[in-house]
Structure formats: C-alpha cells, structure tokens
Amino acid sequence: MANTSEFGESSPSFQNYASAASAVKLAFLGLIMGISLLGNASLSLLLLKDGSLHKAPYYFLLDLSLADVVRSAVCFPFVMASIGGGSAWPYSPLCCKIVAFMSVLFCFHVAFLLFCVSVTRYMAIAHHRFYSKRMNLCTCVAVICMVWTLSVAMAFPPVFDVGTYKFIREEEQCIFEHRYVKANDTLGFMLMLAVIVGTTHVVYIKMLCFVYDHRKMKPAQLVPAISQNWTFHGPGATGQAAANWIAGFGRGPTPPTLVGIRQASHPGNRRLLVLDEFKMEKRIGKMYYMITLTFLILWAPYISACYLRIFVRAAPVPQLYLTAAVWMSFAQAGANPIISFLFNKELRMRLKACFPSCLGTQTPMEPYCVI
C-alpha cells in the first residue's frame, strides 16, 4: 500500500514534468521552424530577385536554401505531432517511412552539395580562367541535379528494408534504426556521410594551402620586356603598362600576354578587376566553409551517438545527450541564412537595396563592391 501511494503521489509530478518538457520542445522547434522558413525564404527571394546575384556560387546557395525550406515545412511538423502525442507516432508506418526518407534525403543533399561547392571554390581560386568559362547556369544545374540524384540513391534503398526506417521514441522522429554492427544495415550510410564531410574539409585545406603558397614573393626575373605600341608586356615588365592598357590607355592590337583578360564594363573599377575578383572568390569560399563547419558541428554529436550504437552493443547513450544532439541537427536548417548574411557583405547590401523600408535607408553603391 505504501508503494502504491508513493507512486500515486509521484505520478502527477512526473506528468507535469513531461508536459513542461514537451512544451519547451514544441516552443524550441517552433522557433527553429520560424527562423528557417523566414531566413531561407528571404534569402531565396533575394537570390531570385536580384540579377547581380545570378552567378554560380549563389545558384548553389539558392538550392541549399530551398531544400531547408522544404525540410522545415515537411519534416518538422511531424516531429511536433509526435511530441504532442507523448513521444509516439500518430500516423501510419508508411508515412513514417516517407518522413524518414525525406529527412535522410535532405541530410545527404547538404553533404553532397557542400562537397561540390568546395570543389568549385578551389577551382575559382586555383583555376579561375577555367572556372569563369565553364561555371555557367547550365553547369550549375547539372551539378545540382547530380547532387539530388546521389542523395536519392543514398536515401531510397532503406525504404524497402524492413525495420530500417522506423520511429525512434528516444529521438521523437522517424529516422534510421541504428543497431549493433552484426545486425546493422546503416553502417555504410554513416560511413559515406563521414567520408563526404571529411573530404570536403580536405578540399578547403588544399585551397587554403594554395592561397598561402601564392602569397610568397617570387624573385625578380631579369628578362627584358617587350614593347608593342607603347605597352610593355612579358616577364620583364613591371605590370604597370599592362594595367594601363587594361584601363583603356593602350592602343593597337591586344598584346599576346593579355589575350583573354576581361576588361571591366565601368571605367571606375577597371584597375581593381583582378584583385576584386580574387577577394570575392576567397570571401565566398570563407562563407561556404563556415556553412560546412556549422554543418559538421551541429551534426557531429548525433553522428557520434549513431556510431556508438553501431559499434558498442547496447550502448547506454544518455537521454539528455541524445535529445541535445537531435535538436542540434534540427537547428542546422535555420543556421545557413544567418551565416550567409553574416559572412557575405554583398548579400547584406543587396538585402538593404531590395528591402529599404524594412532595413533602413539604402546606402549608395560604389562603382565596385568588395564582399
């Protein structure tokens, strides 16, 4: 009788704690959804509306933002329904498989897309002439289609496996069921995700080493310069005559060493064209690396918990740690627009120009922009 009375007295307090925890989770997930939908939708509209942003780096950012919008609008409401239902799945098993497929699809999509972006950022720095010629709209569409194809290929096979996609009560979501390695079907998927993220960082490290190596001063070459119509070019030239020719002071045919160099459309920024492009590509690469690093930081705790379940039999993952890891992976959907506006000056300036009434007065545009 004493044990029964004690359980009866503690049950209301436990129910109050569970209700308070559910309310906090719903409020936090609602905040993530609001930030994700508002931020990614604003960024997508800005990228679609402003014609000056219609170039290769921002096509990938547009695809990333639209994917986060769909993830927030499709997957998160089902998580809120499961939390409101007392950590239980209120829908059919088929619906659970579809939601799990969408969640895994968007996760692999971000990983594959960030890897492709890292490769294009390295090309923009190390092979800029090839990059400027080949990275057009058609190439970006082809890369994005390839990314979605690979993501579907990674996320679709578990739909046919019994028990692979299911509702995990501890995580309050439909996702992979990570079992011990001897009875595990998801080890290959987790290894692939880790390899993609790791390779992406290797590419960024290689790009950083390239930039560092090319900062070193090269010894002067005592090779005589060649004169052509008062424009000196060649190994022995100082570069000032070539800059004057690019600025419009040269006459006659294009010197052989300057063939392929693009002139600026406005006289005010002709002399800063090459340096400005280099700074632009480098800072866009910094923005994308921060997005990649944030993806790693927010997903690393959950991936670690998954590996612990796979390689350690009956691994006792603390519930508080697992809950925090799951919600950090949810927060990744709303982090990208914040990072984009924080580390990209051009996006902030274009946002002020497109929405002057909401963000204050419009600042006058200079002949050239350094982002």
Side-chain angles (χ1 to χ4, degrees), residues 7 9-44 64-110 155 165-178 291 294-306 309 316-341:
F7 178 79
E9 292 175 359
S10 62
S11 178
S13 62
F14 177 78
Q15 291 179 356
N16 293 334
Y17 172 78
S19 300
S22 299
V24 172
K25 291 179 180 179
L26 289 174
F28 189 58
L29 186 56
L31 179 63
I32 294 176
M33 283 185 60
I35 295 175
S36 177
L37 292 175
L38 181 61
N40 287 293
S42 301
L43 183 58
S44 301
L64 192 65
S65 299
L66 293 177
D68 287 337
V69 168
V70 177
R71 180 192 176 194
S72 302
V74 173
C75 299
F76 290 170
F78 289 97
V79 179
M80 299 180 72
S82 65
I83 294 174
S87 300
W89 183 252
Y91 305 103
S92 64
L94 178 61
C95 183
C96 181
K97 284 182 177 290
I98 295 175
V99 173
F101 165 76
M102 297 289 287
S103 301
V104 176
L105 173 67
F106 291 124
C107 177
F108 275 102
H109 166 261
V110 175
Y165 282 155
K166 65 178 297 184
F167 179 75
I168 309 299
R169 184 180 178 86
E170 293 81 5
E171 302 179 13
E172 298 176 324
Q173 65 172 341
C174 289
I175 199 68
F176 278 131
E177 182 186 11
H178 299 288
I291 293 176
T294 303
F295 176 81
L296 175 63
I297 292 174
L298 294 179
W299 277 92
Y302 181 74
I303 294 176
S304 301
C306 295
R309 291 174 176 175
V317 181
Q319 181 60 41
L320 182 61
Y321 172 84
L322 185 60
T323 302
V326 171
W327 288 85
M328 286 176 67
S329 66
F330 291 161
Q332 185 268 329
N336 293 336
I338 298 175
I339 297 174
S340 300
F341 286 115

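What's counted below: heavy atoms across the whole structure, side chains too, no hydrogens, waters or symmetry copies.
Looking at heavy atoms from C-beta onward, Val110 lies out of side-chain contact with Phe106 at the 4.5 angstrom threshold. Contact annotation: the side chain of Met102 never approaches that of Arg71 to less than 4.5 Å [non-hydrogen atoms, C-beta and beyond]. Proximity of Arg169 to Phe167: side-chain heavy atoms (C-beta onward) are separated by under 4.5 Å at one or more points. Contact annotation: the side chain of Met328 never approaches that of Tyr302 to less than 4.5 Å [non-hydrogen atoms, C-beta and beyond]. Side-chain contact between Thr294 and Gln332: absent, with no pair of heavy atoms (C-beta onward) separated by less than 4.5 Å. Considering only heavy atoms from C-beta on, Phe108 stays 4.5 Å or farther from Ser103 through its side chain. Looking only at side-chain heavy atoms (C-beta outward), Ser340 and Leu43 come within less than 4.5 Å of each other. Asn40 is not listed as a side-chain neighbour of Leu66, based on a closest heavy-atom distance of 4.5 Å or more.
Across every non-hydrogen atom of Ile168 and Glu177, the tightest pair is CD1-CA, 4.2 Å. The heavy-atom pair separating Ala100 from Ile175 by the smallest distance is CB-N, 3.8 Å. In terms of heavy atoms, Phe330 sits closest to Val79 at CE1-CG1, 3.9 Å. The minimum heavy-atom distance linking Ala333 with Pro337 is given by the pair O-CD, 4.4 Å. Smallest separation of non-hydrogen atoms from Leu322 and Arg309: CD2-NH2, 2.9 Å. Across all their heavy atoms, Val104 and Ala155 have their closest contact at CG1-CB, 3.9 Å.
Formation of a donor-acceptor pair under 3.5 Å by the Ser36 side chain with backbone atoms of Ile32 is not found in this model. A donor-acceptor distance shorter than 3.5 angstrom exists from the side chain of Thr323 to the backbone of Gln319, with no hydrogens or angles considered. For the pair Asn336 (side chain) and Gly39 (backbone), a donor-acceptor distance under 3.5 Å is absent. Side chain of Ser82 to main chain of Gln173: no donor-acceptor pair is present (N/O by atom type, distance under 3.5 Å, no hydrogens or angles). Judged purely by atom type and a 3.5 angstrom limit, Ser72 has no side-chain atom pairing as donor or acceptor with the backbone of Val69. Ser329 places a side-chain N or O within donor-acceptor distance of the main-chain N or O of Val326, the cut-off being under 3.5 Å.
Taking 4.0 Å as the cut-off between side-chain N and carboxylate O, Glu171 and Lys25 do not count as a salt-bridged pair.
By the 30° and 60° cut-offs, the orientation of the rings of Tyr91 relative to Trp89 is perpendicular.
Between Tyr165 and Phe176, the distance from one ring center to the other falls under 6.0 angstrom.
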